[in-house]
There are 2 protein chains.
Amino acid sequence: MATRTRRPERRQEPLSRERIVSAAVELLDTVGESGLTFRALAERLATGPGAIYWHVSGKTELLAAATDAVVATTVTEDETDATPWNAIRALALGVFDAIEAHPWVGTQLTQAPPQSPMLHIFERIGRQVQALQVPEAAQFTAASALMSYILGVAGQNAANTRTLQPGTDRTEFLDAVATAWEELDPDQYAFTRSVAGRLRKHDDRAEFLAGIDLILTGISARQQPTA
Amino acid sequence: MATRTRRPERRQEPLSRERIVSAAVELLDTVGESGLTFRALAERLATGPGAIYWHVSGKTELLAAATDAVVATTVTEDETDATPWNAIRALALGVFDAIEAHPWVGTQLTQAPPQSPMLHIFERIGRQVQALQVPEAAQFTAASALMSYILGVAGQNAANTRTLQPGTDRTEFLDAVATAWEELDPDQYAFTRSVAGRLRKHDDRAEFLAGIDLILTGISARQQPTA
DNA sequence: ACCTGAACACCGTTCAAGT
DNA sequence: ACCTGAACACCGTTCAAGT
């Protein structure tokens, strides 16, 4: 009985919600949405699939928690000296960049009920809308429109990344789309063909911001009508 | 040998891509996204699951085809006498209504690559943007922003419907959300609390259109700067 | 209280075999 | 050419049994 077999070194810390969620994020980032499996996750945590259920109610909650974790690190403090316009741009860009780094977050945000992570962003957009002196009756519409736009771009970006072969890069992909557009029927797709070239020198971030600016212009114009 | 058993009457028409897709739409509408199963679909078509694969390459294609089928019926002809603003509103409302009638279409549109059904809508929005006299360099941004906004609302609507218990209705749901918002921490969620009441007398369609108008205002304001 | 891992019910997809 | 349905590989989730 002298030589008791030592425990495998692997089993360092006990399981915890925190460890599970961070392992899930890792899995999602490296193997993609389809790679997050209770079996794969259990293996990575050196345990059985059932163990995870003691800390997390199921896959839905796990995905929500992973999304929360990523969005939380992205949403930093407000720069108090920024103008409302720039604060909103910074907020929107934060979400945009988080999704570019973790495409599965885009899928998740557009599908999850508007609760949890996006509510915090809605609040901060709303405060800046107030700072823009938007009349109270129009504040909700303004903040909602900005949110919907951000989520729309988020979803499309995530979809694009999902379509993308892991090998090919962004510009190659845009080039392929542009070529496909240029080969469309000239009668049915006159407009699409006319803007196809623009795709080739396309900057996702800049385009996203231009859309934000468009909405902000609309919000401001409402207060001081042109005509 | 006189009494040969007759074939069951069920087996009317032969299988076809068309019949498969329309059965899939029916299943999605009645039982929801999780109800669309190759086994369930096969049973409804009085055949085995394998038969479907002869007409359709897999589930991804099946979902895309089902989405195409629904969107195609929604996109009617342009009313040629409408102003560009109204034409864009009508276009956007068409997508909005299709998703309200078939929530799974919202999920699908926001996740599918921007190809197929939305490309047609993009084209038609683009033509109206041209009709608005938007300078060529700004047309792509304008049409893209409108599309992203529409897809964003589509996704949120689909997510809300998915969250909704099949029993409860829309106003009950909004009331519950409003109550939840009003119970948030006043320091952290001052803005969200201040707009919660507005949710109670909230009209999804009107709010959606208000967002479209905001973007259109932004697009127009760019041409005749206020200052 | 927390972990283990076999077992259950259910997927999408394939494929040899039929007509 | 088109259909059949058993079989395969793989899920999420449960649960009796362990510590």
Side-chain angles (χ1 to χ4, degrees), chain A residues 1 4-28 30-67 104 107-108 111-112 162, chain B residues 4-28 30-67 104 107-108 111-112 162-163:
Chain A
M1 282 267 198
R4 290 249 310 187
T5 36
R6 239 178 272 128
R7 275 281 165 68
E9 342 265 345
R10 199 57 185 297
R11 199 64 233 222
Q12 329 93 331
E13 301 170 60
L15 221 46
S16 70
R17 201 186 139 91
E18 209 177 279
R19 274 190 70 216
I20 290 171
V21 171
S22 87
V25 170
E26 231 178 280
L27 222 40
L28 286 162
T30 53
V31 218
E33 316 186 34
S34 68
L36 180 62
T37 289
F38 275 82
R39 272 165 251 258
L41 190 56
E43 198 186 5
R44 211 168 176 105
L45 294 165
T47 178
I52 298 167
Y53 283 86
W54 209 94
H55 300 271
V56 152
S57 74
K59 195 165 190 181
T60 306
E61 191 192 312
L62 183 58
L63 275 168
T67 305
W104 53 273
T107 317
Q108 198 55 25
Q111 272 177 20
R162 212 177 311 119
Chain B
R4 290 249 310 187
T5 37
R6 239 178 272 129
R7 277 282 165 68
E9 342 264 346
R10 199 59 184 295
R11 199 66 236 216
Q12 328 94 333
E13 303 169 58
L15 222 46
S16 69
R17 201 185 139 91
E18 209 176 278
R19 274 190 71 217
I20 291 172
V21 171
S22 88
V25 170
E26 230 178 280
L27 220 41
L28 285 162
T30 53
V31 220
E33 317 185 34
S34 68
L36 179 62
T37 289
F38 274 83
R39 272 164 252 258
L41 190 57
E43 198 187 7
R44 211 168 177 107
L45 294 165
T47 178
I52 298 167
Y53 283 86
W54 209 94
H55 300 271
V56 152
S57 76
K59 195 165 190 181
T60 306
E61 191 192 311
L62 183 58
L63 276 167
T67 306
W104 53 273
T107 317
Q108 199 55 24
Q111 271 177 19
R162 212 178 310 120
T163 312

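So you know, we letter chains A, B, ... as the sequences are listed, proteins then strands, and number each from 1.
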Rounded to the nearest 0.5 Å, what separation is found between the CZ atom of A/R44 and the CG atom of A/L27? 5.0 Å

Between D/dC2 atom C1' and B/R17 atom CZ, what is the distance in whole Å? 17 Å

I'd like to know if the side chain of B/R19 reaches the main chain of B/P14, judged simply by a donor and an acceptor atom lying under 3.5 Å from each other, with no hydrogens or angles considered. yes

Quick one: closest heavy-atom pair of A/G35 and A/A40, and the distance? O-CB, 4.0 Å

Contact summary for A/A42 and A/G48, nearest pair of heavy atoms: CB-C, 3.5 Å

Taking NE2 from A/H55 and P from C/dA1, how many angstroms apart are they, rounded to a whole number? 13 Å

Given side chains that start at C-beta, do those of B/T37 and B/V31 come closer than 4.5 Å, heavy atoms only? no

If a pair means Watson-Crick or G-U wobble with both distances below 3.5 Å, what does DNA chain D look like in dot-bracket form, with | marking bases paired to a different strand? ||.|||||...|||||.||

Assess whether side chain to side chain contact (heavy atoms under 4.5 Å, CB included) is satisfied between B/Y53 and B/L62, documenting all intermediate values. CA-CA 10 Å; B/Y53 283 86; B/L62 183 58; over 6 Å; no

Report, as a single string ordered 5' to 3', how protein heavy atoms within less than 4.0 Å touch nucleotides 10-19 of chain C: B base, S sugar-phosphate only, - not at all. -BBBBB----

Using atom CD of B/E43 as one end and atom C1' of D/dG5 as the other, report the distance to the nearest whole Å. 14 Å

Starting at CZ of B/R19 and ending at P of D/dC3, how long is that distance when rounded to a whole Å? 9 Å

Might you point out which heavy atoms bring B/E33 and B/L28 nearest each other, and give the distance in Å? CA-CD2, 3.8 Å

Quick one: pull up CZ in B/R39 and CG in B/L41 and give me the separation to the nearest 0.5 Å. 12.0 Å

